[in-house]
> 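Just passing along the structure, written as structure tokens.
Numbers here simply count residues along the sequence, with the first being 1. Fair warning: this is a prediction, and the values are worked out from it, not measured in the lab.
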Amino acid sequence: MSIATPTSVERCDSGTTEDLLTRDHVCADNGIVIEPNGLDDPASTSFGVFDTWPSQEQTEFAKRMLARMTHFQQGQISNYLLQILQRDFISCLPESGHFDLAVKILLYLDPASLCKAELVCRNWYNVIQSGRIWKRLIEHRVRTDKAWENVAKKRKWRSYLFHSNTSEDHLEGEYFRNLYPVIIRDTLCLEQNWRDGPPELHRIRCQSENNKGVYCLQYDDDKIVSGLRDHTIKVWDRKSLECKNIFTGHSGSVLCLQYDENIIITGSSDTTIHVWSITTGEVLNIVKHHTEAVLHLRFQGDMLVTCSKDRNIAVWKIHSPTNFELREILTGHRAAVNVVDFDDKFIVSASGDRSLRVWRTSDLQHVRTLHGHRRGIACLQYRDRLVVSGSSDFTIKLWDVECGACLRTLEGHNELVRCIRFDESRIVSGAYDGLIKVWDLKAALNPRSPNKDLCIKTLEEHGGRVFRLQFDQFQIISSSHDDTIVIWDFVTPSSDKNDPAPLWPAADEMTDEEMLPADMSMMAARESAIEMPMLTSESAEVILPLN
């Protein structure tokens with residue numbers, strides 16, 4: 001391409017720019033005319049003048065020059081511009097000392113796109129592996145997604161996360177790349193098992209000699225602590241399911257309990273509250289206040305709340321395991337107070353008088369009373385602003401504690417609903433009909449969801465009334481009048497591995513024809529889609545919600 005070269009510069013006093021561009025010289029918008037002539041360095045002179053123009057004028061000049069070219073010339077310019085504009089910045093950034101910036105850019109990719117990015121070139125693959133991007137993606141999901149956190153903990157992968165440097169160098173690359181889809185697989189399998197798959201059952205037979213029945217329980221990864229009708233507290237090993245300790249001291253049925261890392265607090269039909277050392281089983285304190293059976297208790301930090309058949313709620317301050325101070329007695333219920341729950345904002349209680357009462361935690365003043373159940377209320381759980389209650393009218397109700405509105409009524413049990421628990425996605429209930437039902441909480445909170453879609457699973461293994469249950473992401477543990485504790489395990493046995501097998505080959509082993517990132521996209525798409533003791537009538541400890 002020939003470039004017009006200037007020999008002199010003169011003012012352009014007449015003629016349009018287009019007219020000037022048709023001659024063998026160039027006229028700029030500022031009126032400078034550059035006439036061609038041969039100089040020793042014509043290109044430098046032309047570029048020097050071009051460089052003095054404003055950016056907009058340079059752009060307009062280039063457009064007009066391109067308009068004068070043939071289609072073939074324009075194609076050559078296009079190819080040249082593509083080479084300039086399409087720069088491999090991911091490869092260039094590490095070479096210029098900005099490796100962390102390249103990693104930060106790639107962290108914005110979703111997993112399917114990250115798989116494809118590994119196939120771009122060796123430099124991109126090295127940045128992804130050396131930057132531990134797959135590990136960082138997993139850490140982000142574990143921090144923000146409860147299901148991922150539970151799976152990582154259950155599979156014992158969490159110990160490899162949240163370390164800036166780890167001694168297991170071989171885990172820094174391919175391990176986490178392969179681990180990501182394995183966690184997706186596990187969460188999908190768990191969700192499917194909760195809805196469709198039969199759980200694996202483990203049964204503990206408590207072998208009570210006379211009075212049979214397990215009224216309360218709590219568990220963790222190492223143990224299950226249960227309170228029995230035979231007046232004992234039994235501690236079971238989670239792995240062997242063998243009884244490893246028995247605490248004795250109550251003279252009546254153990255109706256409620258809660259423990260932390262140091263103590264167990266129990267309430268009994270003998271009207272007392274016992275405080276035990278969780279390690280030795282020694283009785284550290286016996287608290288006497290209620291005049292009838294202690295039906296339920298909850299403690300958190302230095303605050304303990306107990307409720308009783310005597311219709312009262314007692315609020316205690318725990319100074320030490322041996323020093324409990326009674327702060328306040330809350331009155332107002334007209335029948336036995338069957339259950340309490342609380343947080344920093346409210347205390348919520350439920351009674352055989354068919355009502356729930358809400359109290360402020362700060363000053364212990366009554367806030368409101370919730371009415372809606374047709375018979376006595378046997379159980380509840382309260383968290384955030386949601387209260388879920390179960391009643392002897394066979395129904396479960398969802399309440400907004402802030403305004404007192406009943407959000408939904410769940411029907412399905414055929415007898416008194418004795419125990420209720422919920423988490424972010426499910427409600428699990430147990431009743432005197434011997435059934436455990438799993439409900440979709442998100443659907444229940446959606447007023448447009450039809451009632452037929454709310455109960456997603458019914459479990460029937462207990463040979464008697466279900467007294468108490470707790471659950472987490474992987475299991476339900478329930479107890480019954482049939483003197484058993486049943487563990488309903490929803491973990492898929494085939495996926496219970498600490499070292500996952502790769503779900504796709506390493507990036508350097510993949511060919512262009514292998515559409516494995518599409519498999520990852522499919523998995524990601526699927527993922528996004530994705531209490532009060534009620535004793536038998538034969539017992540002298542009969543406690544039933546009043547009509």
Side-chain angles (χ1 to χ4, degrees), residues 215-216 218 225 227 231 233 247 249-278 281-353 355-369 377-383 387 401 531-533 541 543:
Y215 285 129
C216 52
Q218 184 182 339
V225 180
H231 309 175
I233 297 103
F247 302 164
H250 278 295
S251 59
S253 297
V254 181
L255 305 179
C256 52
L257 67 82
Q258 184 182 343
Y259 68 81
D260 62 14
E261 61 273 11
N262 298 313
I263 60 173
I264 305 174
I265 302 181
T266 58
S268 169
S269 61
D270 64 12
T271 75
T272 67
I273 300 165
H274 279 44
V275 183
W276 315 74
S277 167
I278 199 168
E282 176 188 1
V283 178
L284 304 176
N285 195 2
I286 299 177
V287 181
K288 297 181 179 180
H289 165 75
H290 291 289
T291 58
E292 296 193 61
V294 180
L295 303 182
H296 200 262
L297 63 84
R298 295 289 296 167
F299 74 89
Q300 179 178 334
D302 63 353
M303 183 174 176
L304 167 70
V305 181
T306 61
C307 61
S308 169
K309 190 181 177 183
D310 64 12
R311 306 182 183 183
N312 293 330
I313 301 166
V315 182
W316 308 79
K317 182 176 178 62
I318 304 174
H319 296 284
S320 71
T322 59
N323 184 6
F324 283 37
E325 175 190 354
L326 181 62
R327 290 178 52 195
E328 191 72 50
I329 302 297
L330 307 181
T331 60
H333 282 295
R334 295 178 290 104
V337 185
N338 296 325
V339 59
V340 291
D341 203 353
F342 74 94
D343 62 10
D344 293 338
K345 191 169 186 179
F346 293 123
I347 299 171
V348 183
S349 60
S351 168
D353 64 8
S355 72
L356 297 97
R357 295 177 76 88
V358 182
W359 323 74
R360 266 194 307 272
T361 305
S362 57
D363 57 11
L364 303 180
Q365 295 300 304
H366 179 256
V367 177
R368 63 181 56 88
T369 301
I377 303 168
C379 56
L380 71 80
Q381 183 185 351
Y382 158 55
R383 189 172 67 187
V387 175
V401 74
E531 288 92 300
M532 191 268 318
E541 304 155 357
I543 303 164

> Checking Arg360 now: which residues fulfil salt bridge (Lys or Arg N to Asp or Glu O under 4.0 Å) with it, not counting sequence neighbours?
Asp363

> Are Trp359 and Val315 close enough that some pair of their side-chain heavy atoms sits under 4.5 Å apart?
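Of all side-chain heavy-atom pairs linking Val315 with Trp359, none is under 4.5 Å.
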
> I need the Thr271 OG1 to Lys288 NZ distance, nearest 0.5 Å.
7.0 Å

> Below 4.5 Å, heavy atoms only, C-beta onward: do Thr291 and Ser308 meet side chain to side chain?
no

> What's the spacing between His296 NE2 and Leu257 CG if we round to 0.5 Å?
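Going from the NE2 atom of His296 to the CG atom of Leu257 covers 9.0 Å.
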
> Just jot down the side-chain hydrogen bond (donor to acceptor under 3.5 Å, both in side chains) partners of Glu325, sequence neighbours excluded, or say none.
His319

> Please identify each residue that fulfils side chain to side chain contact (heavy atoms under 4.5 Å, CB included) with Ile278, with sequence neighbours left out.
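Result, side chain to side chain contact (heavy atoms under 4.5 Å, CB included) vs Ile278: Lys223, Tyr259, Ile264.
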
> Could you tell me which residues satisfy ring-ring contact (aromatic ring centres under 6.0 Å, His included) with His274, sequence neighbours excluded, listed by chain and number?
His250, Trp276

> Identify the heavy atoms of Val294 and Cys256 that sit nearest to each other, and give their distance.
O-SG, 3.8 Å

> So, do Phe247 and Thr266 sit near enough that their side-chain heavy atoms are less than 4.5 Å apart?
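Not touching, per the 4.5 Å side-chain cut-off.
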
> Between Ser253 (side chain only) and His231 (backbone N and O only), is there a donor and an acceptor less than 3.5 Å apart?
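Answer holds: no.
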
> Once rounded to the nearest 0.5 Å, what's the spacing between atom NE2 of His290 and atom OG of Ser268?
12.5 Å

> With the side chain counted from C-beta on, respond yes when Leu295 and Val337 share a heavy-atom pair under 4.5 Å apart, and no when they do not.
no

> State which residues pass salt bridge (Lys or Arg N to Asp or Glu O under 4.0 Å) with Asp302; sequence neighbours excluded, sorted by chain then number.
Lys317

> Are any of the side-chain heavy atoms of Asn285 and Pro321 separated by less than 4.5 Å?
no

> Restricting to non-hydrogen atoms, name the atom on Val339 and the atom on Cys307 that form the minimum distance, rounded to 0.1 Å.
N-SG, 3.7 Å

> When you measure from the side chain of Asn338 to the backbone of Ile377, do you find a donor-acceptor pair of N or O atoms at a distance under 3.5 Å?
yes

> Do Ile233 and Val225 come within less than 4.5 Å of each other through their side chains, counting heavy atoms only?
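Yes. Closest side-chain heavy atoms under 4.5 Å.
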
> Sequence neighbours excluded, which residues qualify as side chain to side chain contact (heavy atoms under 4.5 Å, CB included) partners of Ser355?
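Side chain to side chain contact (heavy atoms under 4.5 Å, CB included) check on Ser355 returns His333, Asp353, Arg357, Thr369, His371.
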
> ring-ring contact (aromatic ring centres under 6.0 Å, His included) with Tyr382: which residues, sequence neighbours excluded?
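By the ring-ring contact (aromatic ring centres under 6.0 Å, His included) rule, Tyr382 matches no residue at all.
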
> Where do Gly301 and Ile318 come nearest, in terms of heavy atoms and distance?
O-CD1, 4.4 Å

> Decide yes or no for Ile347 and Met303: does some side-chain heavy atom of the first lie under 4.5 Å from some side-chain heavy atom of the second?
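SC-SC contact between Ile347 and Met303 confirmed.
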
> My understanding is that only residues two or more places apart in sequence, or in another chain, count here; which of them pass salt bridge (Lys or Arg N to Asp or Glu O under 4.0 Å) with Asp341?
Arg298

> Quick check for you: to the nearest 0.5 Å, what is the distance between Phe342 atom CZ and Leu304 atom CG?
7.5 Å

> How would you list, by chain and number, every residue that makes a side chain to side chain contact (heavy atoms under 4.5 Å, CB included) with Ser320, sequence neighbours excluded?
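Listed in chain order: Thr322, Asn323.
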
> Locate the shortest heavy-atom distance separating Arg368 from His366; write the atom from each residue and the value.
O-NE2, 3.1 Å

> Within the distance-only criterion (no hydrogens, no angle test), does the side chain of Thr361 pair as donor or acceptor with the backbone N or O of Phe346 below 3.5 angstrom?
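Confirmed, Thr361 side chain pairs with Phe346 backbone.
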
> Quick one: pull up CZ in Phe299 and CD1 in Ile265 and give me the separation to the nearest 0.5 Å.
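Here the rounded value is 4.5 Å.
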
> Can you list everything that forms a side chain to side chain contact (heavy atoms under 4.5 Å, CB included) with Asn312? Sequence neighbours excluded, please.
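Expected list: Asp310, Ile329, Thr331.
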
